[in-house]
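Quick note: numbers below take in every heavy atom, side chains included, and nothing from hydrogens, waters or symmetry partners. Atoms within each ligand, like the ligands themselves, are counted from 1 in listed order.
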Amino acid sequence: MAQSYSFDTLRVNQPSEFVFHVQLNRPQKRNAVNRQLRRDLKSCFDQLATDPNCRAVVISGAGKMFTSGTTCIDLADLNVLPDRNLDAARMGLRLHQNIKDFQDVFTAMEKCPKPIIAAVHGACVGAGIDLISSCDIRLCSKDTYFSVKEVDVGLAADVGTLQRLPKIIGNNSIVRELAFTARNFSSDEAKDIGLVSNVHADNNTVLQAALKMASLIAAKSPIAVLSSKVSLNYSRDHTVDEGLEHIAAWNMCMLQSEDMGKIFKSFQTKARPVFSKL
Ligand SMILES: CCC/C=C/C=C/C(=O)SCCNC(=O)CCNC(=O)[C@H](O)C(C)(C)COP(=O)(O)OP(=O)(O)OC[C@H]1O[C@@H](n2cnc3c(N)ncnc32)[C@H](O)[C@@H]1OP(=O)(O)O
């Protein structure tokens with residue numbers, strides 16, 4: 001790990017070549033998302049986005065569960081409680097900025113051009129759903145339960161769930177049911193509705209599966225993988241025609257990578273191609 005990844009609330013290591021493991025590390029507080037954790041996540045993923053030694057990332061939680069969501073004290077910090085010294089407009093402006101800052105954390109993960117795999121166990125509540133909705137791939141352990149918890153604390157989810165989850169699940173009726181009721185749903189239901197791609201036996205097996213998948217991705221052409229993420233993100237929010245135009249313009253440059261030449265050569269030599277750092 002050439003660059004330094006030192007954070008108060010995250011443990012970051014590099015378990016194999018070009019693969020990073022980011023672990024939410026507030027186990028005593030069930031990895032509740034406080035202001036420091038948000039700052040750390042944003043810095044970490046901004047750094048990983050441009051780190052030439054990173055090609056794929058796994059995110060997991062230390063201890064009993066993935067995350068219990070945003071801390072109540074942080075909700076108060078976000079000025080959800082009225083400040084009598086400010087008028088509604090000034091209060092609104094501060095709240096707007098705070099919400100945008102919070103959104104930016106998960107948007108940084110979505111925009112990080114390296115694939116992010118969430119390995120979820122135990123529980124994934126409230127802001128946890130916002131977080132995993134900004135990841136590329138989600139796996140979980142059998143014991144996991146999920147909840148779009150925000151209505152239970154008196155707010156509409158405002159940092160990504162309501163925008164991203166419908167595009168992941170594709171069944172708007174279920175999205176609305178989960179958002180309006182805040183009910184817990186199981187790992188099996190998460191698989192049935194398409195929130196996770198696989199359910200694994202336990203905490204350890206889900207993490208190992210995620211790391212194995214990350215290694216497989218990291219062995220591919222990093223140009224091809226990065227370009228695929230950029231194009232999938234763009235196409236999700238645009239028409240088919242716009243998406244096709246975008247990838248045509250993108251690949252005008254990326255088709256000239258040395259990676260393609262190495263792959264064609266490897267067809268003849270039968271040796272695994274080794275790709276340069278990004
Ligand atoms: C602009 C704002 C946008 C953001 C909105 C986001 C909203 C949300 O995330 S809504 C969801 C909020 N979270 C919750 O409602 C969950 C609250 N926690 C629990 O229900 C339980 O802790 C849980 C079922 C998750 C786990 O239970 P368990 O018995 O395993 O642990 P506990 O003894 O309850 O907790 C252990 C210590 O962790 C602290 N903690 C747990 N969750 C939170 C949290 N969300 N915020 C702050 N602290 C949390 C808990 O207080 C215990 O601490 P201590 O007493 O010091 O040991």
Note: D152, heavy atoms under 4.0 Å from ligand 1, region reported as neither

Between the side chains of T107 and R164, is a donor N or O closer than 3.5 angstrom to an acceptor N or O? yes

I'd like the name of whichever of M65, K100, K29 reaches closest to atom 54 (P) of ligand 1 through any heavy atom. K29

For atom 43 (C) of ligand 1, which candidate among A182, A127, G128, S68 provides the closest heavy atom? S68

Among all residues two or more places apart in sequence or in another chain, which pass the ring pair (Phe, Tyr, Trp, His ring centres under 6.0 Å) test with Y145? none

Using 30° and 60° as the class limits, which term best fits the ring planes of F267 and F264: parallel, tilted or perpendicular? perpendicular

With a 4.0 Å heavy-atom cut-off (strictly under), which part of T70 contacts ligand 1: side chain, backbone, both or neither? both

Suppose I only count heavy atoms of D158 and a 4.0 Å limit; which atoms of ligand 1 are within that range? 1 (C), 2 (C), 3 (C)

Could you go through residues 120-127 and list every donor-acceptor pair under 3.5 Å that involves a side-chain atom there, pairing it with any protein atom two or more places apart or in another chain?
residue : atom : partner : partner atom : Å
H121    : NE2  : G63     : O            : 2.7
H121    : NE2  : M65     : N            : 3.4

Contact check, side chains of T67 and L24, non-hydrogen atoms, under 4.5 Å: yes

With heavy atoms of G69 as the reference, note each atom of ligand 1 found under 4.0 Å away. 9 (O), 45 (N)

Can you list the ligand 1 atoms lying under 4.0 Å from a non-hydrogen atom of Y145? 24 (C)

Heavy-atom distance under 4.5 Å between the side chains of L278 and T50, does that happen here? no

Measure the spacing between NZ of K111 and CG of D104 and express it to the nearest 0.5 Å. 9.5 Å

E150 heavy atoms within 4.0 Å reach ligand 1 at atoms 6 (C), 7 (C)

Ligand 1 atoms nearer than 4.0 angstrom to some heavy atom of V153 are 10 (S)

For atom 33 (O) of ligand 1, tell me which residue out of Q28, R30, K64, R38 has the closest non-hydrogen atom. R30

